[in-house]
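Report on one structure; see the data block that follows.
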Amino acid sequence: MASNAILERQTGRLPAELTSFIGRDAELTRLRRLLDEHRLVTLSGPAGVGKTRLAVRAAAQVRDAFDDGVYFVGLSGLTEPSLLAQAICDALGLTEQDGDAAARLAEHLADRRVLLVLDTCEHLLDECAILAEELLRTAAGLHVLATSRQALDVMGEHTVVVTPLGRPGPAADGAPDGAECDAVRLFAERAAAAVQGWTLTHGNRDAATRLCDRLDGIPLAIELAAVQLRAFSLDQVLGRLGTHLFQVRGRRTNVRRHQTLRAAVDWSHELCSAEERLLWARLSVFADGFDLDAAENVCAGDGLPSEAVVGALTGLVEKSIAQRADRGGQARYRMLDTLREYGAERLTELGGADRLRRRCFAWYAGLLGRAHRELAGASQARWLEWFDGERGNIRALLGEGVATAEPGRLRDAVEALGRLWALRGTLGEGRQWFDRVLETRDTTGPGWSGCLAVAALVMTLQNDLDRADELLNRALAQGQAEDDRPGIALAYAGQGIKALFTGDFDLALQLLTTADNRYRGSGHDDVLLLLVDVFRGVAHLFKGEFAASAEHADRAVRAGEERGELWVRSYGMLVGGLALWLAGDLEASMERLRASLRIKRDLDDGLGMTLALEAIAACMSSQGEPDRAIRLLGAADRLRERTQTSWFGPHHALLREIHTGKAMEALGAERYRAALAEGGRLPLADALEDALDETPSGAVTGSSGRATPAGSRRRRASS
């Protein structure tokens, strides 16, 4: 079984297996039984032995036993222990808002049957042990499958030591063709993949067998050896191994299997060119995947010309040191954890590691600056996708940058991130980073007003209004002292949103209008300041001034259209649709709300989809479809468990009461509860199709003449 066959560890989904799975039949049978009998199973063993691959295969095989899903959390790139719970929130699609991600997880998992795969726990061992124990204690249906180089040492844990693949032995002597041990089978498959036309024959079987024996059956070591057939014959590989394996420099452990893997990696390193070795070391600064631009801009220089990076990276890919792990149609690369750790050791030996990490922080800070400038325009969706792919790298760099980065660069990076955290709804994580910056850095200097205002917005949305008020007063005073017009506008906007949350709608309108006037005179485009008209629309909505609400919402829509922006524009459509609903224009309302939902779906905006589903449910209820409306409301409630907040403040809940009361009256309590429960079980894709009145593939027409989603039809048929 190969350990480097998993190229993309996208948090939440089980990673795709890109090569065949060799052997491990007995281990998989045992794991299936253990996962049924025990709630915490830890796969332990040395690096390269195949723990991750085995965990992914086992989790896939038991998926049907976990009604609420199987989730994969890759922890290798997580360097901040305080973000462990947030990383698991990300895997489950939870956008925690109150800063206590662990409590949020416990609440979410309490009544669910879920398998959580925590991969690569050893560098966060205490944190993983404490959190796993807490979650298992509060969530009776939760099972955890962990991989770690050592056990978590938690009560109730069942530890499985993952051993190397079956190695050649006396029983293999004289074995017929096709009866090779798993280690030789793996070598033969990977060798055939590396060298076209290579096959295992009577003539080379003995050399392959001895090679796998010398490599202790460790999958990663075997795969690295197979790749060398591109440059050497099998006899040459074996001969080099025989003279080199236990005399290599740099061994740091007395455990034989660790020595073997270390030797295999050392050996692969020595077969690289000088430029490939240097790039290998420097690429270790990326905690997660990277693209070619990042590699060229961060790693070039000081002995590695920029034009040589492509060739060196190609060489590392060919030698299986780096792997292609494309995302969203864009070429990306990553290194296995073991190989990245090896590169980091080499980087330390070479010197200049701190300088390279600062350079990497500067590269991402520059990109964040561009995102800040362009989020209010046509590049918005691209920047959101970029952020999704780079969050692992940004987290790792921020952990060090908060303490070491140049103040202005850190300030600008965190202010830009504030917008991305807001647009992606990851406010809990944003709050943690803002708190760390505020606690450890001097934020009274020039240029901090905008950052303070964005931090205050995050706190307002978490309903921490006293702390938000303190920061907004500071932001306004510092902005006025420096004549920082964008910062002043943001501070006034933040104060207006805070007033909206407290229910003082007149004050909110006054402050938001001031913010709008300051913003329009600043000459800057800012995605957060584009929200001013959305919030003015909300304030008028809560005052019962529906025409004024629709007017401001339309202004937000037009501003977004002029810039090619989507996120604010779709919120404008949503508020405008609510105003039209309350004014009684149901047809126009539904058109506006569905247009908003389509954009929110395309942006994967969980909070926006929740609000749009609720609004469409309200409109359907007014149109005389209470059953359908309450099903959608149930689906929105389930989605709200991931979001837990509203951009529109606590008074938004009053809108729900308007239509749910009517639906309850029309349906009766029993039918109402049944429809709500049915909606809660509805897959999000089905709920969106129903809300948008789209006919999904596989749908049939029911007795009412309306297309019925196939998923819903199956559930009703089985009930």
Side-chain angles (χ1 to χ4, degrees), residues 97 368-381 383-384 387 411-427 429-431 433-434 447-462 468 471-472 475-476 478-479 484-501 508 511-539 552-553 555-557 559-560 562-572 574-575 603 605 607-608 645-649:
Q97 306 293 348
L368 287 167
R370 282 186 56 195
H372 182 175
R373 295 188 296 273
E374 297 177 9
L375 271 174
S379 300
Q380 183 184 85
W383 280 116
L384 291 174
F387 178 60
R411 176 199 65 212
D412 294 345
V414 174
E415 184 178 349
L417 280 167
R419 287 159 173 79
L420 289 162
W421 288 322
L423 266 66
R424 271 297 178 237
T426 52
L427 300 179
E429 178 177 354
R431 175 65 185 269
W433 289 115
F434 276 125
W448 279 94
S449 55
C451 190
L452 294 174
V454 176
L457 174 63
V458 169
M459 294 170 188
T460 297
L461 294 172
Q462 293 181 318
L471 288 184
L472 287 168
L476 185 57
Q478 289 180 218
D484 177 2
R485 292 189 176 186
I488 293 170
L490 274 173
Y492 276 121
Q495 289 180 337
I497 295 167
K498 185 181 71 69
L500 181 70
F501 271 60
L511 291 166
L512 290 167
T513 299
T514 301
D516 187 54
N517 292 335
R518 295 300 183 100
Y519 165 57
R520 294 184 186 280
S522 69
H524 293 270
D525 261 353
D526 187 327
V527 68
L528 293 182
L529 286 169
L530 286 179
L531 277 172
V532 165
D533 268 316
V534 172
F535 283 116
R536 287 204 281 184
V538 174
H552 283 292
R555 284 183 61 181
V557 172
E562 290 168 1
R563 294 164 174 79
E565 188 276 343
L566 294 170
W567 186 74
V568 173
R569 186 200 314 184
S570 54
Y571 272 120
L574 178 56
V575 173
L603 290 177
D605 180 354
L607 176 56
T645 193
S646 168
W647 275 94
F648 303 157

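For the numbers below, each heavy atom of this structure counts, side chains included, while hydrogens, waters and symmetry mates do not.
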Original post:
If you measure from CG on Asn517 to CG on Leu512, what distance do you get to the nearest 0.5 Å?
Top reply: 11.0 Å
Original post:
Is any side-chain heavy atom of Leu457 less than 4.5 Å from a side-chain heavy atom of Lys498?
Top reply: no
**OP:** Measure across Ala489 and Ala515 and return the closest heavy-atom pair with its distance rounded to 0.1 Å.
**Re:** O-CB, 3.5 Å
Subject >> Distance-minimising heavy-atom pair for Val575 and Gly537 >> reply: CG1-C, 3.8 Å
Original post:
Which of these, Val532, Leu472, Leu511, sits in a side-chain contact (heavy atoms from CB on, under 4.5 Å) with Tyr492?
Top reply: Leu511
Original post:
To the nearest 0.5 Å, what is the distance between CG (Leu471) and CE (Met459)?
Top reply: 5.0 Å
Subject >> Contacts of type ring-ring contact (aromatic ring centres under 6.0 Å, His included), residue Trp383, not counting sequence neighbours >> reply: Trp386
Subject >> Residues in side-chain contact (heavy atoms from CB on, under 4.5 Å) contact with Val454, at least two apart in sequence or another chain >> reply: Glu415, Arg419, Phe434, Leu490, Leu528
Subject >> Results of side chain to side chain donor-acceptor pair (under 3.5 Å) for Arg536 - residues two or more places apart only >> reply: Thr513, Asp516, Asp533
Original post:
What is the distance from atom CG of Leu420 to atom CD of Glu429, rounded to the nearest 0.5 Å?
Top reply: 11.0 Å
Subject >> Close side-chain approach of Leu423 and Phe387, heavy atoms under 4.5 Å >> reply: no
Subject >> With sequence neighbours excluded, residues passing ring-ring contact (aromatic ring centres under 6.0 Å, His included) with Phe535 >> reply: none
**OP:** Indicate the atoms forming the closest heavy-atom contact of Gly572 with Ala553, along with that distance.
**Re:** O-CB, 3.3 Å
Original post:
Taking only residues two or more places apart in sequence, or in another chain, which ones meet Trp567 in a side chain to side chain donor-acceptor pair (under 3.5 Å)?
Top reply: Asp605
**OP:** Work out which heavy atom in Gly496 is nearest to a heavy atom in Ala508; give both atom names and the distance.
**Re:** O-CB, 3.4 Å
Original post:
Can you tell if the side chain of Leu368 reaches within under 4.5 Å of the side chain of Leu417, non-hydrogen atoms only?
Top reply: yes
Original post:
Can you list the steps and then say if Phe648 with Leu500 is a side chain to side chain contact (heavy atoms under 4.5 Å, CB included)?
Top reply: CA-CA 8 Å; Phe648 303 157; Leu500 181 70; 5.7 Å; no
Original post:
Considering residues at least two apart in sequence or located in another chain, which fulfil the side chain to side chain donor-acceptor pair (under 3.5 Å) criterion with Thr460?
Top reply: none
Original post:
For Glu565, what residues pass the salt bridge (charged side-chain N to carboxylate O under 4.0 Å, His left out) criterion, not counting sequence neighbours?
Top reply: none
Original post:
Closest approach of Pro486 and Leu529, non-hydrogen atoms and distance?
Top reply: O-CD1, 4.3 Å
Original post:
Atom CZ of Arg424 and atom CG of Leu603: how far apart are they, to the nearest 0.5 Å?
Top reply: 7.0 Å
Original post:
Sequence neighbours excluded, which residues qualify as salt bridge (charged side-chain N to carboxylate O under 4.0 Å, His left out) partners of Arg563?
Top reply: Asp525
Original post:
Atom CG in Leu476, atom OG in Ser449: separation rounded to 0.5 Å?
Top reply: 9.0 Å
Original post:
Say you draw a straight line from SG of Cys451 to CD of Gln478; how long is it, rounded to the nearest 0.5 Å?
Top reply: 10.5 Å
**OP:** Would you indicate whether the side-chain heavy atoms of Leu607 and Tyr571 approach each other to under 4.5 Å?
**Re:** yes
Original post:
Checking Glu374 side chain against Ser379 main chain: does a donor-acceptor pair fall under 3.5 Å?
Top reply: no
